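So the structure is just underneath, and the comments pick up after that.
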Amino acid sequence: MKGLSRTHYCGDVRSEQVGEEVTLMGWVQRRRDHGGVIFVDLRDRFGLVQVVFSPEVSEPMFEVANDLRKEYVIALKAEVRARPDGMVNEDLKTGEIEVYATELHILDEANTPPIFIEDEINSGEEMRLKYRYLDLRRKPMQDNLILRHKVKKAVRDYLDSNDFLEIETPILTKSTPEGARDYLVPSRVNGGKFFALPQSPQLFKQLLMVSGMERYYQITRCFRDEDLRADRQPEFTQIDLEVSFMNMDEILSLVEGMIQEIFVSVGYDKPEDFPHITYKEAMDRFGSDRPDMRFEMELIDISEVVKDSQFKVFSGTVAKGGQVKGINAKGCADFSRKNIDDLTDYVGIYGAKGLAWIKVEEDGIKSQIAKFLSEEELDNIVSTMGGEAGDLLLFVADSPKVVAASLGNLRLKLAKGLELIDEGKFEFVWVTDFPLFEWDEDEKRYVSLHHPFTMPKDEDMDLLEGDADKVLSQAYDLVLNGIEIGGGSIRINDSELQEKIFNLLNMKEDEIEEKFGFLLEAFKYGAPPHGGIAFGLDRLVMLLGGLESIRDVIAFPKTQRATCLLTEAPSFVDQKQLEELSLEVDIEIEEE
RNA sequence: GGGGAUGUGGUGGAGUUGGUUACCACGCCGGCCUGUCACGCCGGAGGUCGCGAGUUCGAGUCUCGUCAUCCUCGCCA
C-alpha cells in the first residue's frame with residue numbers, strides 16, 4: 001500500500017477533521033474532470049467522500065488523477081477542508097467537507113465493470129450473478145449482508161445469554177429415507193458408499209440432548225436437492241436449536257424472545273403478538289398452513305347452503321365428500337369478464353376446474369350460476385358470505401385440498417392486486433396441532449407431515465392403533481407475513497414409541513435398524529424429554545429487508561437450475577477422479 | 001416432468017402489417033472546460049438481434065426446435 005496506513009474510512013470523515021491530514025483507501029466511484037480541477041468520489045464500505053485534485057498541489061499527481069477510471073483502487077493522503085459556501089452536498093454524509101489530495105497512488109487498475117456499481121439495479125439478475133463480486137459492491141447488497149450479520153449476532157447473543165451452546169455437527173453424514181432428496185458425496189476410502197449432506201442436523205441435535213448438553217444451537221448450512229423457488233435454495237442456512245426439559249409452551253416463548261431480540265437489534269419495533277392457530281383452523285379459514293394474517297378475506301364454507309341445490313357442480317361435489325367454499329372480494333363487482341377469466345385460469349393452476357362468481361349489485365345479483373339456483377339459495381349464499389352491494393363473491397367446489405389451495409392462493413393474489421397488504425407490517429402466527437401423518441397416495445402409506453421423530457399429542461396416543469390419520473402432533477410452525485420462517489416439535493424420547501412410529505410409516509425392521517438403529521439405541525440410555533425448532537435464516541433476513549428473494553441475502557446464490565453462474569459449478573470431473581471414487585458416469589459428456 | 005415470461009452494441013430498453021444504413025439512454029474512447037457532485041459541451045468507436053433449422057424475393061419481426069435467466073405447479077420429512 002505504498003507505505004501508507006489508512007487513518008479513516010471514507011464515510012467517516014466529518015467537519016471535526018477539518019485541517020487534519022487523512023489517509024484514505026477505496027474505489028473510484030466516479031470522476032468529474034473540469035479541466036483545471038478533478039473531483040473523484042472515493043468509496044469504501046462505509047461511504048463516499050469527495051476528493052479534490054488540483055494541479056496547484058502537484059502537477060505529477062494531477063496527471064495521475066487524470067488517468068483514474070471507475071473502480072480503480074487507490075490510496076491517498078489529503079487535507080480535510082470545509083466545502084466553500086453553497087457547495088455543501090446535503091445528500092452525502094460527508095457532504096460538509098471534501099479532502100484535498102496531496103499524495104495519490106493507484107493500487108490497482110480496473111476494467112470497465114460490466115454492471116453499474118449504483119444503488120439502483122441496472123442489470124438483469126443473470127449479469128448480477130455472473131459478476132456477483134461486483135453486484136456485492138452495491139450498497140443495497142452490502143446492506144443486506146450487514147442485516148444478515150446483525151441477525152446472526154442477535155441470535156448468538158440471545159441464545160448465549162440463555163445458556164445455549166453452539167455445537168457443530170457433521171456435514172458429511174448419513175443418507176436418510178423420508179424427506180427431500182439428498183446431495184450425495186462419494187467416499188474414496190469406502191468405494192461404492194456415499195455420505196449425504198445434511199437436510200438438517202435433526203438426529204445429531206437429538207443425540208446431543210441424550211448427551212446432556214441440554215441447550216444446543218447452531219447457525220448451519222442445510223442441503224436439499226429439490227427444485228428451487230424465490231425462497232428456496234439447494235443450500236440454505238438454519239438457526240437450529242434444541243432444548244431438554246421444556247414443554248412446547250416454554251419453547252415457544254423462548255424463541256419469541258429470540259425473535260424480539262432480532263427485531264430490536266435491527267431497529268424494528270419489538271413484536272408483541274404471537275397468536276396461535278391450529279392447522280385445521282388455518283386450512284379452513286385461509287386455505288393455507290402458513291396464513292398471511294395481514295388482511296382478512298377469509299374462506300367461507302357454503303357446502304351446507306348448497307348441498308341440496310339443483311346446481312350439480314355444487315351439490316354433486318358435496319355429495320362426493322367435497323366442499324364448496326368462497327371468498328368475498330369486497331368492492332370488486334366491477335371486475336370485467338376478462339378479469340374473472342384470468343382469475344379462473346389462476347385457480348386452475350391449483351387444480352380447480354372452475355370459478356363460480358356472484359356479483360352483488362345495488363339492483364340485485366348478477367351471476368353465471370344464478371339460473372341454477374333458487375332465489376332463496378342465492379340469498380342464503382350472499383348472506384353467508386357477508387355480501388353487500390359492490391362485492392364479488394368467488395367460489396370453488398372441489399376436494400378440500402383443491403379448494404384450500406385454489407382459494408388460499410386466490411386470496412393472496414387478490415390482496416396483492418387490491419393492495420390490501422400493509423407492506424410495512426409484520427404479523428406473526430404460530431400454527432399448531434398439525435396432523436402427525438399424511439396419507440401418500442403414490443406410495444400407499446402414511447408419511448410424516450413434519451418428521452418421524454415428532455411426538456404425538458398426549459391425548460391422541462391411543463389413536464395410534466387404528467386411527468393414525470387422526471393423530472395430531474406436538475409440532476409447530478412460526479409464520480411471518482405468510483411465509484414459514486420456522487418449524488419444530490417436541491420429539492419422541494422413548495425408543496418403543498419411536499419404533500411404533502417407524503412401523504406405522506411402513507418401515508421394515510431391518511431398514512429401521514440400518515437407518516436409525518443408532519438413535520433407538522441412544523434412547524435406551526436415558527433420553528431427556530426434548531424439543532426444538534429450526535428457523536430459515538435466509539427467509540427471515542429477506543422479510544426483515546423487505547426483499548422478494550432469498551438470493552438477495554445470500555452472498556453467492558445458485559440459479560433456478562441449481563448452478564452457480566460465477567464459478568460455473570457443478571462441472572464435469574476428470575476420469576481419474578471418478579476412478580478413485582469407484583464411479584462411472586452414465587451420460588454423454590459433450591465435447592467442449 | 002408441466003405451465004408462463006424474457007433474451008437486440010459493454011449495460012438497460014424501443015423496434016409498427018416481414019421491406020433502405022437496426023434506434024434511444026447510460027457506459028466506453030478522444031477533445032474542451034478551475035467548483036462539480038447523475039457535471040456540461042463537441043466528436044468517435046462499438047451489434048453473429050441467445051443458438052439452430054424452416055417459410056419467404058426478403059426475417060430482429062412469422063413457424064418449429066434448442067439453450068439460458070426468472071416466476072410457478074408438482075416436488076420441498
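Since this is a predicted model, take the numbers as computed values, not measurements.
- Looking only at distances, no side-chain donor or acceptor of Glu242(A) sits under 3.5 Å from a matching main-chain atom of Gln202(A).
- Summarising the geometry, the separation between CD on Glu120(A) and P on U11(B) is reported as 19 Å, rounded to the nearest angstrom.
- Salt-bridge check for Arg43(A) with Asp41(A): failed, with every basic side-chain N at 4.0 Å or more from each acidic carboxylate O.
- Arg81(A) forms a cation-pi arrangement with Tyr100(A), by the criterion of a distance under 6.0 Å to the ring centre and an angle within 45° of the ring axis.
- The side chain of Ser123(A) contributes no N or O atom lying less than 4.0 Å from OP1 or OP2 of G12(B).
- Of the side-chain N and O atoms in Arg128(A), none sit less than 4.0 angstrom from OP1 or OP2 of C70(B).
- Using a 4.0 Å heavy-atom criterion, one finds that Tyr350(A) contacts the sugar-phosphate atoms exclusively.
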Walk along nucleotides 30-37 of chain B from 5' to 3' and tag each nucleotide B, S or - by protein heavy-atom contact under 4.0 Å, base first, then sugar-phosphate.
S--BBBBB

Going through the checks in order, is the salt bridge (Lys or Arg N to Asp or Glu O under 4.0 Å) test met by Arg290(A) and Asp477(A)?
CA-CA 8 Å; Arg290(A) 47 183 174 92; Asp477(A) 281 358; over 6 Å; no

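- Interface residues of residues 472-479 of chain A facing RNA chain B, ordered by number: none; criterion, heavy-atom separation under 4.0 Å.
- Using a 4.0 Å heavy-atom distance criterion, Gln560(A) is classed as a base contact.
- For the pair Asp135(A) CG and U69(B) P, the computed distance is 16 Å after rounding to whole Å.
- Residue contacts for Asn122(A): at a heavy-atom cut-off of 4.0 Å it reaches the sugar-phosphate backbone alone, with no base atom in range.
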Start with the C-alpha gap between Asp240(A) and Thr220(A), add the side-chain angles, then the distance that decides, and say whether side-chain hydrogen bond (donor to acceptor under 3.5 Å, both in side chains) holds.
CA-CA 7 Å; Asp240(A) 189 50; Thr220(A) 189; over 6 Å; no

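- Checked against the 6.0 Å centroid criterion, the rings of Tyr446(A) and Trp439(A) qualify as a close aromatic pair.
- Distance check, rounded to the nearest 0.5 Å: CD of Gln238(A) to CD1 of Ile219(A) gives 11.5 Å.
- Side-chain N/O atoms of Arg229(A) include one lying less than 4.0 angstrom from OP1 or OP2 on C73(B).
- Sorted by first and then second residue, the pairs that involve residues 470-503 of chain A and meet ring-ring contact (aromatic ring centres under 6.0 Å, His included), not counting sequence neighbours, are Phe502(A)-Phe516(A).
- Using a 4.0 Å heavy-atom cutoff across all strands shown, Ala405(A) reaches no nucleic acid atom at all.
- As a whole-Å value, the separation of Glu438(A) CD from C75(B) C1' is 13 Å.
- Distances shown here put a side-chain N or O of Lys70(A) below 4.0 Å from the OP1 or OP2 atom of C28(B).
- Between Leu407(A) and Leu394(A), the shortest heavy-atom contact is CD2-O, 4.3 Å.
- At the heavy-atom level, Ile115(A) lies nowhere under 4.0 Å from the strands shown.
- Taking atom CD1 on Ile38(A) and atom P on G40(B), their separation rounds to 17 Å, with Å as the unit.
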Does the ring-ring contact (aromatic ring centres under 6.0 Å, His included) test come out yes or no for Phe53(A) and Phe62(A), once each step is laid out?
CA-CA 6 Å; Phe53(A) 293 96; Phe62(A) 188 76; 7.9 Å; no

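- Contact annotation for Leu228(A): no contact, since no heavy-atom pair falls under 4.0 Å across all strands.
- Looking at heavy-atom distances under 4.0 Å, Ser489(A) makes no contact with the nucleic acid at all.
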